[in-house]
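Hydrogens, waters and symmetry mates are skipped; everything else that's a heavy atom, side chains included, is used. Position 1 is the first residue of the sequence, and the numbers go up from there.
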Amino acid sequence: MATPLSPRTGSSPSPFKTIAVVGLGTMGTGIAEVLVKAGREVIGIDISEAQADRSRAALEASTARAVARGRLTEEERAEALARVRTSTDLRAAADADLVIEVAPESYEIKQQIFRELDGIVRPETILATGTNALSVTRLAADSAHPERMLGLHFFNPAPAMKLVEVVSSVLTAPQAVAAVTDLAVELGKEPVAVGDRPGFVADGLLFGYLNQAAAMYEARYASREDIDAAMRLGCGLPMGPLALLDLIGIDTARTVLEAMYAESHDRLHAPAPILKQLSEAGLTGRKSGRGFYTYEAPGSATVVPDALTPAAGGTLTAGREIRSVGVAGSGTMASGIAEVFAKAGYEVVLAARSEEKAQAAKARIGKSLARSVDKGRLTAEAAAQILDRIAPAGSYEAFAGVDLAVEAVAEDLEVKRQLFQALDKVCKPGAILATTTSSLPVVACARATSRPQDVIGMHFFNPAPAMKLVEVVRTVLTADDVHATVREVCGKIKKHAVDCGDRAGFIVNALLFPYLNNAIKMVQEHYASLDDIDAAMKLGGGYPMGPFELLDVVGLDVSLAIEKVLHREFRDPGLAPAPLLEHLVAAGCLGRKTGRGFREYARR
């Protein structure tokens with residue numbers, strides 16, 4: 001099991017005064033920068049003299065920026081650069097106390113480096129591999145001193161990212177792990193101890209998600225722009241998965257996934273064919289100037305339009321006029337959606353199963369608007385006008401005149417079918433009927449009506465007033481003008497619409513919940529702890545919440561229901577809900593709402 005690491009009580013400073021970094025690409029250069037800023041003597045080694053020169057120039061530039069920002073003095077910069085020397089000869093590592101190898105992800109290359117180092121460095125020198133995909137045990141077993149070998153996995157960019165995974169094999173001496181852990185802490189990093197498994201924790205979870213996103217794009221289920229926008233806006237991620245693959249390098253991602261699949265035989269880790277096709281065509285992402293996106297130049301982060309870039313102006317299909325909106329439901333999602341439409345100037349009918357429930361939902365909106373007034377986001381007059389646009393009703397008969405009816409009732413297909421049958425009878429001809437389902441088939445709701453062409457999915461995210469994303473889900477029966485109307489409405493209510501087909505999970509849940517399920521499996525298999533996994537994904541993946549924090553917020557029962565829907569639709573064994581999740585739900589441990597889920601919470 002992974003355990004959080006901290007400096008040993010009473011431990012002396014790290015014995016690593018001189019550290020060699022082998023491989024001076026982006027990662028190796030970043031690690032060298034971290035080390036030299038921390039006062040270490042650094043020997044940078046690369047087989048390419050030109051690469052060693054580029055690395056030196058990058059260090060000079062980064063330290064110059066640090067001076068310009070007031071983080072270093074000119075004298076400190078000069079001293080730091082004086083502590084770095086570069087070489088193209090591995091024998092330059094002879095005096096190193098620690099060697100960190102960051103060569104390409106190839107057993108042959110890495111084994112050759114470690115074999116040569118065995119004959120160069122002192123017996124007590126620790127050797128660390130920076131691999132994120134290959135077996136540390138396999139590399140150590142081929143070494144003359146396997147007890148001194150371990151993994152030291154930094155994250156890119158190394159100067160900024162706090163996480164370091166310290167990977168020990170069954171052969172690694174505990175003293176080596178402790179010494180490297182102390183070094184990581186001294187470098188200002190947050191080390192986590194993990195066992196030897198491809199991908200370790202962060203990449204083990206991240207690359208399965210990236211692979212599924214690539215497969216989703218390859219199936220033409222959604223555009224690259226919509227997949228990336230959905231995950232940024234729906235999950236709060238700093239980058240979408242396809243843009244991240246371009247940043248990492250599509251060839252690198254393929255190598256990591258191949259190693260993971262060889263170990264797990266999980267189809268979720270079998271590289272999507274498009275990764276092989278792009279890699280073999282030399283379209284490896286930013287570094288080549290083209291991958292899933294096209295860039296201004298090799299190495300540039302600036303995306304430029306290409307043949308796949310959506311045309312400006314969107315669809316040419318004329319939409320229907322929407323003046324009034326009906327929202328069905330009385331829960332948090334229904335009241336949030338009603339607030340969104342009223343803020344955008346629409347007349348809203350908020351209907352529930354009783355007048356009392358509808359009034360309670362409107363009261364909830366009033367409280368939400370009052371909070372906005374208190375925070376200075378709205379004037380009291382504007383809040384009052386918004387609230388006046390919402391008419392509560394105790395019957396769906398009140399939807400007779402609406403142009404758009406949005407249901408936000410329980411996530412139960414039979415309940416939704418019955419509601420759509422009722423809306424079909426009540427709503428006027430030409431009214432659009434939308435469901436906010438997050439996991440059920442939209443077409444099943446459509447078939448419950450006599451006008452399936454007028455039915456579409458509008459999946460809002462909770463809390464609806466704050467979350468910018470709406471997944472627009474058209475079925476094979478949805479009319480073009482209905483789709484165009486809903487896209488236009490999303491713009492008017494200041495939401496970002498992404499298009500996707502009528503498939504379980506749509507975009508966000510189809511990518512998010514397998515990732516959450518895999519995190520549960522890690523804990524279930526005693527590979528890592530809840531805290532380690534949450535820390536790894538926040539620090540190493542840029543996630544706003546760790547997977548277990550998120551599961552407890554969403555609700556374990558809700559999560560299990562979505563996992564079951566995904567498993568039932570795609571029939572992939574890797575999507576089967578983790579037994580630990582099922583056990584917790586059966587025990588009534590549903591997350592924050594019950595006071596206990598993966599963690600315990602103070603009851604309010």
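- Using a 4.0 Å cut-off between charged side-chain N and carboxylate O, D142 and K110 make no salt bridge.
- Counting heavy atoms of neighbouring residues, nucleotides and ligands inside a 6.0 Å radius, atom CZ of R71 does not exceed 12 of them.
- For D228 (side chain) and L242 (main-chain N/O), a donor-acceptor pair under 3.5 Å exists by modelled atom type.
- Looking at heavy atoms from C-beta onward, M149 lies out of side-chain contact with T172 at the 4.5 angstrom threshold.
- The shortest side-chain heavy-atom distance between L516 and L550 falls under the 4.5 Å cut-off.
- A distance-only check finds no donor-acceptor pair linking the side chain of R267 to the backbone of D572 [under 3.5 Å].
- Taking CG of L171 as the start and NE2 of H145 as the end, the distance is 13.5 Å to the nearest 0.5 Å.
- Proximity of a side-chain donor or acceptor of D46 to a complementary backbone N or O of T88 within less than 3.5 Å is not detected.
- Going from atom NZ of K538 over to atom CE of M545 covers 8.0 Å, rounded to the nearest 0.5 Å.
- For the residue pair D196/S135, the side-chain donor-acceptor check at 3.5 Å is satisfied.
- A side-chain N or O of E105 and one of T131 form a donor-acceptor pair less than 3.5 Å apart.
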Report task. Might you work through the side-chain contact (heavy atoms from CB on, under 4.5 Å) test for L556 and L581, ending with a clear yes or no? Result -> CA-CA 7 Å; L556 273 58; L581 178 62; 3.8 Å; yes

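- Counted within 6.0 Å of CG on L580, heavy atoms from surrounding residues, nucleotides or ligands total more than 12; the atom is thus considered enclosed.
- Residues V523 and F548 have side chains in contact (heavy-atom distance under 4.5 Å, counting atoms from C-beta outward).
- Counting only distance, with no hydrogens or angles, the side chain of E549 and the backbone of G546 share a donor-acceptor pair below 3.5 Å.
- The existence of a salt bridge linking E525 and K521 is excluded, since no basic side-chain nitrogen approaches an acidic carboxylate oxygen closer than 4.0 Å.
- In plain terms, the two heavy atoms of A158 and V34 that are nearest each other are O-CG2, 3.6 Å.
- In this structure, Q112 CD and E108 CD are separated by 10.5 Å, a value rounded to the nearest 0.5 Å.
- Remark: R254 CZ to S279 OG distance equals 5.5 Å, nearest 0.5 Å.
- When the shell of 6.0 Å around CZ of R571 is examined, it contains 12 or fewer heavy atoms from other residues, nucleotides or ligands.
- In this structure, G204 and M260 approach most closely via the heavy-atom pair O-CE, 3.3 Å.
- K593 has a carboxylate O that lies under 4.0 Å from a charged side-chain N of D557, or vice versa, which qualifies the two as a salt bridge.
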Requested in this report: Give the C-alpha distance, both sets of side-chain angles, the deciding distance and a yes or no for side-chain contact (heavy atoms from CB on, under 4.5 Å) between L560 and E582.
Outcome: CA-CA 7 Å; L560 178 60; E582 294 186 297; 3.6 Å; yes

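- With hydrogens and angles ignored, the 3.5 Å screen pairs a side-chain donor or acceptor of D246 with a backbone N or O of Y293.
- Of all heavy-atom pairs between L24 and G44, the closest is CD1-C, 3.6 Å.
- You'll find the side chain of K276 stays beyond 4.5 Å of the side chain of P271, heavy atoms only.
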Requested in this report: Give the intermediate values and the outcome of side-chain contact (heavy atoms from CB on, under 4.5 Å) for residues V22 and V99.
Outcome: CA-CA 7 Å; V22 180; V99 180; 3.7 Å; yes

Requested in this report: For side-chain contact (heavy atoms from CB on, under 4.5 Å), just list the numbers for V84 and L59, CA-CA rounded to whole Å, side-chain angles, deciding distance to a tenth of an Å, and then say yes or no.
Outcome: CA-CA 9 Å; V84 183; L59 283 171; 4.0 Å; yes

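- Listed here is the closest heavy atom pair of L257 and F207: CD2-O, 3.5 Å.
- One N or O on the side chain of D118 and one on the backbone of A144 form a donor-acceptor pair closer than 3.5 Å.
- For R599 and D531, the salt-bridge test passes: some basic side-chain N is under 4.0 Å from an acidic carboxylate O.
- Rounding to the nearest 0.5 Å places CD of E79 at 15.0 Å from NZ of K37.
- Closest approach of A504 and V565 over heavy atoms only: CB-CG1, 3.7 Å.
- Between F598 and L551, the closest side-chain pair of non-hydrogen atoms falls below 4.5 Å.
- The shortest distance between side-chain heavy atoms of Y515 and N518 does not fall below 4.5 Å.
- Within 6.0 Å of CZ on R290 lie no more than 12 heavy atoms contributed by other residues, nucleotides or ligands.
- The closest donor-acceptor contact from the side chain of K162 to the backbone of G188 lies under 3.5 Å.
- Side-chain N or O atoms of R224 include one that pairs as donor or acceptor with a backbone N or O of F292 at under 3.5 Å.
- V185 is listed as a side-chain neighbour of P191, based on a closest heavy-atom distance under 4.5 Å.
- Between R91 and E116, none of the side-chain N atoms (NZ, or NE/NH1/NH2) sits under 4.0 Å from a carboxylate O, so this pair counts as no salt bridge.
- The two atoms that bring L575 and P514 nearest to each other are CD2-CG, 3.5 Å, heavy atoms only.
- Counting heavy atoms from C-beta outward, L237 and Y543 have side chains that approach closer than 4.5 Å.
- Here the CE atom belonging to M216 is positioned 13.5 Å from the CD1 atom belonging to I274, to the nearest 0.5 angstrom.
- Within a 6.0 Å radius of CD in E49, no more than 12 heavy atoms belonging to other residues, nucleotides or ligands are found.
- H153 and F155 have tilted rings, their planes meeting at an angle from 30° to 60° on a 0 to 90° scale.
- A salt bridge does not link R596 with D552: none of the charged nitrogens is closer than 4.0 Å to a carboxylate oxygen.
- A donor-acceptor contact shorter than 3.5 Å links the side chain of E165 to the backbone of V201.
- Although no hydrogens or angles enter the test, the distance criterion places a donor-acceptor pair under 3.5 Å between the side chain of T255 and the main chain of D251.
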Query raised in the report: When you look at T86 and R56, which way does the side-chain hydrogen bond (donor to acceptor under 3.5 Å, both in side chains) test go after all the steps?
Result: CA-CA 8 Å; T86 59; R56 177 81 190 195; 6.0 Å; no

